[in-house]
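The analysis underlying the following values was restricted to heavy atoms, covering all of them including side chains, and did not include hydrogens, waters or symmetry mates. Note that ligands are numbered from 1 as they come in the structure, with each ligand's atoms numbered from 1 the same way.
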Amino acid sequence: MNTSLLSPDKDPMGTAISDYSQKHKADRLRVFSSLFDEDEIPVKELFRPFKQMPLLEKTALEMAKGSVLDVGAGSGCHSLALQEMGKEVCAIEISPASVEVMKKRGVKDVRLINLFNEQFSDKFDTILMLMNGSGIIGKIENMPAFFKKMKQLLKSEGFILMDSSDLRYLYEEEDGSFLVDLNDDYYGEIDFQMQYKDIQGETFDWLYIDFQTLSLYASEYGFKAELIKEGKHYDYLAKLSII
Ligand code: SAH
């Protein structure tokens, strides 16, 4: 697994987050992928307060218990909401700019570290992975490394709360059936690249995974997957606990 951090000149999202936190406005955060047309992430949405979060995220925050790890915490929106609820949270990020913003916004325990860094070995009751949190796994082939890391970071009764989407709707035919080539790579493996002003990030892998496939891998690596809630568009929240 890649265990590196982002360098400031290749951190478009962190720079956008930093701009927005200072000026309350930001330029366009552009998103490119070989599979989709160019898109944009509204930077303001990265600062969503609890009441503006999607129901899946609100549910995850309410379910989080004990010491919570917020993986890829961004602007700190979930960490701050958890702190307001009186919960104990540690936020981790690979973006130095986002870490600075989180510190300024009052996230108490923020660390600039990659989830997959060997040195990162604290223990948590809840691991939160939100905003298509499965993305950080990158590719299906990283499943063994991902679950190994989760076992290292979780207390024995601990669990992961992760949201994701089933991208099969992209392959829907007119008659409502789905045409997926099983000889291809898994259909939820997407490459992305972001740009903010003239800052262009590296291309990265981002995994969207359907609940059934997630459950199969979970059970193969000693976890039980529960479907907690489904969203409006093939999205869902899952709870993964150690068996
Ligand atoms: N959770 C936030 C941000 C989601 S964007 C929110 O819901 O608004 C995903 C974030 O994960 C980015 O800020 C990115 O820098 C961070 N990230 C990506 N890979 C990571 C890794 N391996 N370890 C820690 N953070 C990571």
Asker: Provide, to 0.1 Å, the distance between atom 12 (C) of ligand 1 and the closest protein heavy atom, together with that atom's residue and name.
Answerer: E93 OE2, 3.4 Å
Asker: Among all protein heavy atoms, pick out the one at the shortest distance from atom 26 (C) of ligand 1; state its residue, atom name and that distance to 0.1 Å.
Answerer: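 Result for atom 26 (C) of ligand 1: I94 CG1, 3.6 Å.
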Asker: Would K149 count as a cation-pi partner of F116, with NZ or CZ less than 6.0 Å from the six-membered ring centre and within 45° of the ring normal?
Answerer: no
Asker: Assess, by modelled atom type and distance only, whether the side chains of D210 and Y186 contain a donor and an acceptor separated by less than 3.5 Å.
Answerer: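 Their side chains do contain a donor-acceptor pair, which is all the 3.5 Å distance test asks for.
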Asker: Can you pull out the closest protein heavy atom to atom 22 (N) of ligand 1? Residue, atom name and distance to 0.1 Å, please.
Answerer: N114 OD1, 3.0 Å
Asker: Decide whether the shortest distance between a heavy atom of E45 and an atom of ligand 1 is less than 4.0 Å.
Answerer: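 False for this residue.
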Asker: Between F124 and F120, how do the two ring planes meet: parallel, tilted or perpendicular, split at 30° and 60°?
Answerer: tilted
Asker: Minimum distance, heavy atoms only, to atom 23 (N) of ligand 1: which one of L46, D70, L115 is it?
Answerer: L115
Asker: Taking atom types as modelled and ignoring hydrogens, do the side chains of S18 and Q22 form a donor-acceptor contact shorter than 3.5 angstrom?
Answerer: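 S18 vs Q22: donor-acceptor pair found between side chains.
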Asker: Just heavy atoms, cut-off under 4.0 Å: does L130 contact ligand 1 by side chain, backbone, both, or neither?
Answerer: backbone
Asker: Heavy-atom count around E118 CD within 6.0 Å, excluding the residue itself: above 12?
Answerer: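 12 or below, so no.
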Asker: Side chains of D125 and S67: any donor to acceptor distance under 3.5 Å?
Answerer: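 Short answer, yes.
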Asker: Within the 4.0 Å heavy-atom shell around A73, which atoms of ligand 1 are there?
Answerer: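 This gives 2 (C) as the contact atoms.
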Asker: Evaluating non-hydrogen atoms only, which member of C77, G14, G72 is closest to atom 3 (C) of ligand 1?
Answerer: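 Among C77, G14, G72, the closest heavy atom to atom 3 (C) of ligand 1 belongs to G72.
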Asker: Which protein heavy atom lies closest to atom 9 (C) of ligand 1, and at what distance to 0.1 Å?
Answerer: W206 CH2, 3.9 Å
Asker: Say whether E57 and ligand 1 are in contact under the criterion: heavy-atom distance to a ligand atom below 4.0 Å.
Answerer: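 Flag not set, E57 not near ligand 1.
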Asker: Between T203 and D191, does any side-chain donor sit less than 3.5 Å from a side-chain acceptor?
Answerer: no
Asker: Could you work out, for atom 4 (C) of ligand 1, the closest of M53, M131, M13, H78 by heavy-atom distance?
Answerer: M131
Asker: Report the nearest protein non-hydrogen atom to atom 6 (C) of ligand 1: residue, atom name, distance rounded to 0.1 Å.
Answerer: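 It is R48 NH2, 3.4 Å.
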Asker: Identify the heavy atoms of L227 and F211 that sit nearest to each other, and give their distance.
Answerer: N-CZ, 3.4 Å
